[in-house]
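These figures come from a predicted structure and were not determined experimentally. Quick note: numbers below take in every heavy atom, side chains included, and nothing from hydrogens, waters or symmetry partners.
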Amino acid sequence: MKRKTATVLGNALMGLGLLTMVGGVGYSILNQLPELGLPQFLAHGAIGSIFIGAILWLTGARVGGRERVADRYWWVRHYDSRCNKPHRHS
């Protein structure tokens, strides 16, 4: 797969995963309001869609080449042994 195609496919999967997660959270919240009268049996599907959306997001990140943690993050810079410079004490 070409790099541009992989990037577009990865971004599409990440976007679909994000929409699935937001939709699941939104339905789970709206399901708590009794005046809307939403069916209860779809509540379990909404919670499951959050996990399916996360899997789609991670798959898109893997395909698109965004799965690596960048060195610009504070935690990685300060606590990852690969990013620490050796300290010399006399």
Side-chain angles (χ1 to χ4, degrees):
M1 185 180 314
K2 291 183 179 178
R3 183 180 182 121
K4 184 173 182 176
T5 306
T7 303
V8 170
L9 180 62
N11 287 342
L13 285 172
M14 288 175 70
L16 182 63
L18 180 65
L19 288 176
T20 305
M21 287 187 286
V22 169
V25 169
Y27 188 84
S28 295
I29 291 171
L30 291 176
N31 194 28
Q32 299 299 315
L33 301 173
E35 59 269 3
L36 292 179
L38 297 174
Q40 282 290 28
F41 67 89
L42 291 178
H44 297 295
I47 293 172
S49 71
I50 296 169
F51 294 105
I52 291 171
I55 290 171
L56 283 172
W57 177 278
L58 292 173
T59 303
R62 179 72 177 176
V63 170
R66 298 174 192 248
E67 80 278 358
R68 285 177 259 132
V69 176
D71 290 339
R72 67 178 177 263
Y73 296 116
W74 185 88
W75 187 265
V76 174
R77 270 197 329 247
H78 288 86
Y79 293 105
D80 193 358
S81 61
R82 294 172 295 158
C83 297
N84 289 334
K85 295 178 183 173
H87 300 288
R88 296 183 188 171
H89 299 290
S90 301

Can you tell me which residue among Leu9, Val8, Leu13, Thr7 is in a side-chain contact (heavy atoms from CB on, under 4.5 Å) with Asn11? Thr7

All heavy atoms of Ala43 vs all of Asn31, minimum pair found to be CB-ND2, 3.0 Å

Ignoring hydrogens, what is the shortest heavy-atom contact between Ser28 and Ile47? Give both atom names and the distance. OG-CG1, 3.9 Å

In one Ile/Leu/Val/Met/Phe/Trp/Tyr side-chain cluster, 4.5 Å: Tyr27, Ile50: no

Are Leu33 and Leu42 connected in a single hydrophobic cluster, I mean Ile/Leu/Val/Met/Phe/Trp/Tyr linked by side-chain heavy atoms less than 4.5 Å apart? yes

Just one of Leu18, Thr20, Leu19 clears the side-chain contact (heavy atoms from CB on, under 4.5 Å) bar with Leu56, so which one? Thr20

Return the CG to OG1 distance between Leu16 and Thr59, rounded to the nearest 0.5 Å. 10.5 Å

One should read off an interatomic distance between Met14 CE and Leu58 CG, to the nearest 0.5 angstrom, of 9.0 Å

